[in-house]
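Scroll down for the structure; my scribbles are underneath it.
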Amino acid sequence: MRHAFVVSGIVVLAALAAACGPTSSEPASAPASAPATPPAPQMTDAEKAALLATLPAPYNTGDLAAGKQAFALCQSCHTITDGGPDKTGPNLHGVFGRVAGTHGTFKYSDALKAAGFTWDAEKLDAWLANPKTFLPGNRMTFVGLKDETKRRDLIAYLKVETGYKPGE
Ligand code: HEC
């Protein structure tokens, strides 16, 4: 009995210490109203650069501005914002770590529905290089992006802009 009490006391103390941690390290001038995790956070450029730096090579050296330019090839068919609409293609928010062909009610081809893999940078790289040969029978009418550097930049941009969290 007594033993159990002491153990739970330590747990409570540890929880208290953890709860105090973040608050005490905040600068005194921080606005009290700023929520710790806003629902749809708009990342600052500095936060984007920090996330970029955590990506595995070669994506950590990606050029986000060039990636944004390359995304011009996709945006007639895809949105990337959280909760963004499907167009000719599905919304791509959260695509990294998502099983292929599973976004909402989008009507995928049988090929993509049956693909069964999870999107990561490597899969996306192969898909974007040549969608037709990567997954025969898919319905994405896109010739492919042959330039490896542009694919690197585009994938880095998509990671940063689609809600990817390091380690996913
Ligand atoms: C002409 C329209 C069009 C363009 C341009 C296009 N896509 Fe697509 N995309 C689609 C369609 C349609 C699908 C669904 C294909 C299917 O069901 O076979 C798709 C599917 C995808 C998927 C799979 C999504 C999932 O949920 O499994 C990814 C990733 C993707 N596109 C990325 C891109 C990127 C990045 C670009 C730009 C380089 C791009 N697409 C350009 C129409 C397009």
Side-chain angles (χ1 to χ4, degrees), residues 18 22 30-31 33-168:
S33 59
T37 44
Q42 289 290 324
M43 290 171 80
T44 63
D45 286 351
E47 285 166 341
K48 289 178 186 180
L51 177 54
L52 180 72
T54 69
L55 300 181
Y59 303 105
N60 54 348
T61 54
D63 178 336
L64 294 181
K68 185 176 185 174
Q69 264 179 25
F71 184 68
L73 298 167
C74 327
Q75 64 188 4
S76 60
C77 296
H78 292 286
T79 62
I80 48 171
T81 49
D82 191 6
D86 295 336
K87 296 164 107 179
T88 305
N91 170 260
L92 294 179
H93 194 85
V95 69
F96 294 100
R98 187 162 89 200
V99 176
T102 59
H103 179 66
T105 54
F106 185 81
K107 298 259 181 297
Y108 289 96
S109 64
D110 290 344
L112 205 50
K113 269 192 287 192
F117 62 77
T118 298
W119 286 113
D120 58 15
E122 276 171 20
K123 287 277 192 300
L124 201 64
D125 186 65
W127 168 254
L128 295 181
N130 192 334
K132 206 173 248 175
T133 55
F134 175 74
L135 192 70
N138 84 79
R139 267 205 297 267
M140 174 157 125
T141 357
F142 177 67
V143 285
L145 182 56
K146 304 296 169 223
D147 185 324
E148 203 177 316
T149 308
K150 284 194 181 140
R151 289 201 309 273
R152 178 203 67 185
D153 295 343
L154 175 56
I155 290 169
Y157 171 77
L158 287 173
K159 284 224 170 188
V160 168
E161 298 291 337
T162 59
Y164 167 83
K165 306 265 186 323
E168 270 177 11

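Indexing begins at 1, ligand by ligand and atom by atom, following the structure's order. Since this is a predicted model, take the numbers as computed values, not measurements.
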Task: Of the listed options Asn91, Leu128, Thr162, closest to atom 35 (C) of ligand 1 (non-hydrogen atoms) - done: Leu128
Open item on the list: Can you confirm whether more than 12 heavy atoms, excluding those of Lys150, are under 6.0 Å from its NZ atom?
Closed with: no
Task: Heavy-atom closest contact (Arg98 atom, Leu92 atom, distance) - done: NH2-CA, 4.2 Å
Open item on the list: Does Lys107, at its NZ atom, have more than 12 non-hydrogen atoms belonging to other residues, nucleotides or ligands within less than 6.0 Å?
Closed with: no
Open item on the list: Heavy-atom contact check, 4.0 Å cutoff: does Leu154 meet ligand 1?
Closed with: yes
Task: Contact check: Thr141 vs ligand 1, nitrogen or oxygen atoms, below 3.5 angstrom - done: no
TODO: Decide if atom CD of Glu148 counts as having more than 12 heavy atoms of other residues, nucleotides or ligands within a radius under 6.0 Å.
DONE: no
Open item on the list: Could you identify the single nearest non-hydrogen protein atom to atom 23 (C) of ligand 1 and state the distance to 0.1 Å?
Closed with: Trp119 CZ2, 3.5 Å
Task: Structural part of Lys113 in contact with ligand 1, heavy atom criterion under 4.0 angstrom - done: neither
Task: Proximal atoms of ligand 1 relative to Gly101 (non-hydrogen, under 4.0 Å) - done: 25 (C), 26 (O), 27 (O)
- [ ] Please check if atom NZ in Lys132 has more than 12 non-hydrogen atoms from other residues, nucleotides or ligands closer than 6.0 Å.
- [x] no
Open item on the list: Strictly under 2.8 Å, how many protein N, O or S atoms lie near atom 8 (Fe) of ligand 1? Waters don't count.
Closed with: 2
Open item on the list: Restricting to non-hydrogen atoms, name the atom on Asn91 and the atom on Asp86 that form the minimum distance, rounded to 0.1 Å.
Closed with: N-OD1, 2.8 Å
Task: Nitrogen or oxygen of Tyr108 less than 3.5 angstrom from that of ligand 1 - done: yes
Task: ligand 1 contact by Trp127, heavy-atom criterion under 4.0 angstrom - done: yes
- [ ] Could you tell me whether some N/O pair between His103 and ligand 1 is separated by less than 3.5 angstrom?
- [x] no
TODO: Give the C-alpha distance, both sets of side-chain angles, the deciding distance and a yes or no for side-chain contact (heavy atoms from CB on, under 4.5 Å) between Asn130 and Lys146.
DONE: CA-CA 8 Å; Asn130 192 334; Lys146 304 296 169 223; 4.1 Å; yes
Open item on the list: Side chain or backbone, does Lys107 bring an N or O within less than 3.5 Å of an N or O on ligand 1?
Closed with: no
Task: Atom of Leu154, atom of Ala70 and distance for their closest heavy-atom approach - done: CB-CB, 4.0 Å
Task: ring pair (Phe, Tyr, Trp, His ring centres under 6.0 Å) assessment of Tyr59 paired with Phe96 - done: CA-CA 14 Å; Tyr59 303 105; Phe96 294 100; 8.4 Å; no
Open item on the list: Taking Asp110 first and then Lys113, would you say they form a salt bridge - that is, a charged N and a carboxylate O separated by under 4.0 Å?
Closed with: yes
Task: atom 29 (C) of ligand 1 - nearest protein heavy atom and its distance - done: Leu124 CD1, 3.3 Å
Open item on the list: With a cutoff of 4.0 Å, is Ala111 in contact with ligand 1, counting heavy atoms of the residue only?
Closed with: no
Open item on the list: Just to confirm my output: which protein heavy-atom neighbour is closest to atom 5 (C) of ligand 1, and how far is it?
Closed with: Leu73 O, 3.3 Å
Task: Whether Lys87 lies under 4.0 Å from ligand 1, heavy atom - done: no
Open item on the list: How far is atom 14 (C) of ligand 1 from the closest protein heavy atom, and which atom is that?
Closed with: Phe106 CE2, 3.7 Å
Open item on the list: Is any side-chain heavy atom of Asp120 closer than 4.5 Å to one of Lys123?
Closed with: yes
TODO: Quick one: sort the Trp127 and Phe134 rings into parallel, tilted or perpendicular, breaks at 30° and 60°.
DONE: perpendicular
TODO: List the closest protein heavy-atom neighbour of atom 16 (C) of ligand 1: residue, atom name, distance to the nearest 0.1 Å.
DONE: Ser109 OG, 3.3 Å
Task: Contact summary for Gly62 and Arg152, nearest pair of heavy atoms - done: CA-NE, 3.7 Å
- [ ] Evaluate the side-chain proximity of Leu64 to Leu52: yes if any heavy-atom separation is below 4.5 Å, no if none is.
- [x] yes
Task: Part of Asn138 within contact of ligand 1 (heavy atoms, under 4.0 Å) - done: both
